[in-house]
Amino acid sequence: LNLLALYVLGLAIQPDGRAPFGLTIGQAVVFLVFAWAMRSIGIVVIFRAVFGLIAKEEAKWRKTILKSALMRDVSNFDSRRSGELTNSLLNEVRLATNGLVAGAEYVQGVISLLAIVVTIAYLIPWVLLPLAAGIIPGLLVVRILRRREFRLGKMHMQANDALANVVTEIRHAIREIKLFGIEHRILGAGYSSAVQSSNAFAGTVALQHEIRAIVEFVFVVAAVGGTIALYDTISGSENLIASILFLVGAAGRTVPYLTRISMAGSRIATHTYEMYKIYTLLEEAKTAIKSSELSRPVGLREWSRLEFRNISFSYGGGKKVLRDVNFDIDRGKVAVLFGPSGQGKSTFLDLAAGFMEPSSGVINLDGVDLRAIDEDSWFRQIGYVSQDPYIFHGTVRDNLFLGASYTDSHVAKISKVSGLTDVIQRLTNGFDTIVGEGGTGLSGGQKQKLALARVLLRRPSLLLMDEPTS
C-alpha cells in the first residue's frame, strides 16, 4: 500500500501517467485510503488473535509441566536440582514463547516482503533486479551468523539454570552455608553463572544488531549498484517521477522488512534451544500424565494387608538401597523399622506410601498390585510425617486444614493428642498466627506437632512416621 501510494503520488505529479489497475487518479486515491483502513483493522485483529493464542499456549505449557511434576514419582525430584523446575517454568517457557512470537513476526515480515515483490512485479518489474541483488547476499550473511546465535542462546539458558540452582541452595541451606563458611564459594558459583548469562545475552543482542547492520549495508550497496546499472531503463520510463518514487519507496519499505525478518530470525535462532527443550519436556510430561491416568483403574475403600514381595530399590540405577525385602503390614497393627542411618528406612516408607515404585519386586494391597490402585484413593488412606515436615506460608490454621474442613471438637481432640494445644497457647494469634515458608517462626518440635496434627485430622488407616522418636 505504501508503494501504491507513492506510485499514485508520482502519477499525480506527472499527469500524463496512467493509474494502476485501469483506475483514474481519484479512484486510486479513494481505493488506497479504504485499503489502508482495512489493513490497519486487519493488523489489530490478527495480531491480537495470534498473540492471544500464544499466551494461552504458554499458560497450557506451564500447567502441563506443573501437573506432570505433581504426578511424577518422588524419586524424580531426588535426582534433579531443585532450581531446574523453577527455571523451566519461569524462564525457559517464556523464552520458548518469545521464539514463537518471533516466528509470528518472521512470517508477517515474509508475507509483507512477498506483497512488495508482487506489487513491484506488476507495476515496474525492472525494480526487482536491484532489490534481488540486495536481498540475496544479505540472506547469505545472515545464514552464516545464525549458528553463533544458537550457541549463545544455549549458553544463556544453561547459565540461567545454574544461577537458579544457586539461589535455591541459598534459600534452603543458608544456615549450613554460614556455619561452614562457604559463602565465598557459593557467591563465586553464582557470580560465574551470572557473568556467563549476561555475556551470552549481551553477545546475542550485539550479534542481532550486527546482522541488521550488515543486511542493511549489503542491501543498500547492491540496490544502488543495480539502480545505476539500470539507469538507461529508468531514464527512458514514460512515468519517470512515479518510477523514481516507487523505487525509493521499494527500497525504503524493503529494508525495514528485511530488518524485521532478520531480527525475528535472530530471536528464533537464539531461542531454538529453549523451544526444543520445552518441546521435549512437554512430550515427557504428557507421557507421564497419560501413563499415570491410565495405569491406576482400581479404586479403594478398605484394605487389610500391605505386602512387600522381593522388593529392591536404587536411586538412578546406582547402588541398591533395599535388596529383596519381604515384609507385611497388617491394618491396625504397629510395625517398627530400626537400624543405622542410610539403610533404607525412609525409602521403605516412601515405597509403602506409593511415592515411588520399586526397581524390582511388587507391593500388593490385599493381593492387588499397588501400582494398579487409584493413587488418590490410596493417598486418602495414608498419614505421613517425614523427618522434616514442610510448613507452607500462611496461618497455622491453613497448614492444619490444607483446604479441608473439620469440626471444632475434632480439631480440639487431635490438637490435644498431638501436643499442638500447648503450641497454639504460646502463639500470639493462636491458630491465626502466620508462619513463614518452611515453618519460619516455629521450632523444629512445633513443626513436627503441627505436621502430626494435620495428618491425624484425616483419620488415616495407615500412619507412616519417619524418625518418630525425634
Side-chain angles (χ1 to χ4, degrees), residues 67-80 288-289 291-293 295-316 320-323 325-339 341-392 399 402-404 418 447-448 450-470:
K67 185 176 181 180
S68 170
L70 292 170
M71 299 179 74
R72 282 179 183 272
D73 195 300
V74 172
S75 61
N76 181 265
F77 291 91
D78 296 330
S79 61
R80 296 187 179 185
I289 292 171
S291 175
S292 178
E293 291 176 342
S295 62
R296 295 177 178 266
V298 181
L300 176 70
R301 291 187 177 182
E302 297 292 335
W303 65 280
S304 59
R305 173 172 290 184
L306 186 63
E307 307 162 342
F308 290 75
R309 295 293 179 262
N310 301 316
I311 295 298
S312 296
F313 183 85
S314 62
Y315 289 95
K320 289 186 177 180
V321 180
L322 297 174
R323 184 188 299 272
V325 175
N326 289 277
F327 192 79
D328 290 344
I329 299 176
D330 292 321
R331 181 169 180 168
K333 302 295 183 179
V334 176
V336 179
L337 301 178
F338 59 91
S341 298
Q343 297 303 303
K345 299 188 298 297
S346 297
T347 301
F348 182 88
L349 294 184
D350 284 340
L351 290 170
F355 293 149
M356 303 186 300
E357 295 182 3
S359 302
S360 62
V362 63
I363 302 174
N364 291 326
L365 195 66
D366 294 335
V368 178
D369 192 332
L370 187 61
R371 289 170 293 191
I373 294 175
D374 177 69
E375 189 176 76
D376 290 337
S377 66
W378 174 235
F379 285 159
R380 283 194 291 269
Q381 303 286 329
I382 296 173
Y384 186 96
V385 183
S386 65
Q387 295 184 39
D388 185 21
Y390 190 83
I391 306 300
F392 297 90
N399 275 279
L402 291 181
S418 63
K447 289 193 294 183
Q448 288 185 320
L450 174 56
L452 178 59
R454 71 183 177 193
V455 163
L456 294 178
L457 280 173
R458 303 178 64 194
R459 296 186 176 93
S461 61
L462 175 62
L463 178 60
L464 303 171
M465 302 179 70
D466 199 357
E467 299 289 351
T469 58
S470 65

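D366 places a side-chain N or O within donor-acceptor distance of the main-chain N or O of S304, the cut-off being under 3.5 Å. Side-chain atoms of D374 come within 3.5 Å of backbone N or O of S377 as a donor-acceptor pair. The main-chain N or O of S314 is found under 3.5 Å from a side-chain atom of S359 such that the two form a donor-acceptor pair. At least one donor-acceptor pair under 3.5 Å links the side chain of K345 to the backbone N or O of G339.
Within the model, atoms CD1 of I382 and CG of L464 stand 6.0 Å from one another, a figure rounded to the nearest 0.5 Å. With rounding to the nearest 0.5 angstrom, the CG atom of D330 is 8.0 Å from the CH2 atom of W303. Here CZ of F308 is found 10.0 Å from CG of N364. Values are rounded to the nearest 0.5 Å. Going from atom CG of L337 over to atom CE of M465 covers 13.5 Å, rounded to the nearest 0.5 Å. Rounded to the nearest 0.5 angstrom, L306 CG and L462 CG are separated by 6.5 Å. Atoms CZ and CD1, from R323 and I311 in turn, are 14.0 Å apart once rounded to the nearest 0.5 Å.
Ring-plane geometry between F379 and F355 is classed as tilted, the angle between the planes lying from 30 to 60 degrees on a 0 to 90 degree scale.
Contact record, M356 with Y315: CE-OH, 3.8 Å, taken as the closest heavy-atom pair. Closest approach of N399 and F392 over heavy atoms only: OD1-N, 2.7 Å. Across all non-hydrogen atoms, the minimal contact from N326 to R309 is OD1-CA, 3.5 Å. When all heavy atoms of Y384 and D466 are compared, the pair lying nearest together is OH-OD2, 4.4 Å. Of all non-hydrogen atoms in P460 and G383, the two that sit nearest each other are CB-N, 3.3 Å. The two atoms that bring Q387 and S346 nearest to each other are NE2-OG, 3.1 Å, heavy atoms only.
Tested against F313 for a side chain to side chain contact (heavy atoms under 4.5 Å, CB included), the candidates V325, D350, T347 yield a single pass: T347.
Looking only at side-chain heavy atoms (C-beta outward), E307 and V362 stay at 4.5 Å or farther from each other. Contact check for E357 versus L370: no side-chain heavy atoms found under the 4.5 Å cut-off.
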